Amino acid sequence: MKQSWIIGNWKMHKTTREALEYLERFLPLIKGREQNVGLIPSFFSLSAVSERLRSTPLLAGAQNMHEARDGAFTGEVSALMLKEAGASFVLLGHSERRHVFHEGLAQIHAKLKRALQEDLRPLLCVGETELERLEGQTKAVLEKQLGTALEGIEKQDLETLLVAYEPVWAIGTGKRASLEEIKSAHQTIQAQIKKLLGKKVPILYGGSVNEENVETLVALEEVDGVLVGGASLDPESFALIVQKIYDAQAR
Ligand code: PGA
């Protein structure tokens, strides 16, 4: 029986006080269902959140990082800083980073390399835009995003890699990809990973996941978990997602 990953990405939501209040409501609701559950707060509340999670199996992650070890990069945050603040993984290549902040393929590759060097587990996001899907480019886009991100990195350094398939058009829109689209994208990603690494890695699905659709998603053999944005902001909703996945796994 697979153990699904359940990661909540809070994006630019919640002050530290709000994040801690959230945890006081959320943690009792998921007692006994805490393995492979992660939360990604803002940089600013990462220390407080990871400190609160320290006595639990839950993981704290970061939403982004700079590719340099350190240096004159005003406003940026390094992998070392994130680790010291308690992050055990980092989101890289999220569609908002690629499309709103114009992060390119080479930069995402450099970030991934740096994260691995500093022993910070990467959760690499890949996904096509609506136009790329309409033009039949989905497979090529996914292969390119993966290929460039992982290029030249030693297989043994990628032991901890997690990947998320997040079609850009499904993020925050309520328009989840169909099960067929998800299956086929995950198969493309897994085949490419197999070619590059000679083994499988967990592939999460993200994009309008909620408590209504999560069971059907994790029932797919190809889906190893979910990356949840909007529906992770409310502790009751996110706890319901965790409960539903655990209950499905127990059946
Ligand atoms: P969403 O966001 O669940 O709000 O669609 C997912 C994500 O951006 O990771």
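Just so it is clear, the structure is predicted and the values come from calculations on it, not from any experiment. Note that ligands are numbered from 1 as they come in the structure, with each ligand's atoms numbered from 1 the same way. Atoms considered below: every heavy atom in the structure, side chains included; atoms not considered: hydrogens, waters and symmetry mates.
Ionic pairing of Arg176 and Glu181 is not present here: no N-O contact between side-chain nitrogen and carboxylate oxygen is shorter than 4.0 angstrom. Between Lys113 and Glu67 no salt bridge is recorded (no basic side-chain N to carboxylate O distance below 4.0 Å). Salt-bridge annotation for Lys14 and Glu21: absent, with no side-chain N of the basic residue lying under 4.0 Å from a carboxylate O of the acidic one. Salt bridge annotation for Lys139-Glu143: present, with a cationic side-chain nitrogen under 4.0 angstrom from a carboxylate oxygen.
Contact check for Asp224 versus Leu162: no side-chain heavy atoms found under the 4.5 Å cut-off.
Near ligand 1, heavy-atom contacts under 4.0 Å come from Asn9, Lys11, His94, Glu166, Ala170, Ile171, Gly172, Gly207, Ser208, Leu227, Val228, Gly229, Gly230.
Judged by distance alone, the side chain of Arg25 and the main-chain N or O of Pro235 form no donor-acceptor pair under 3.5 Å.
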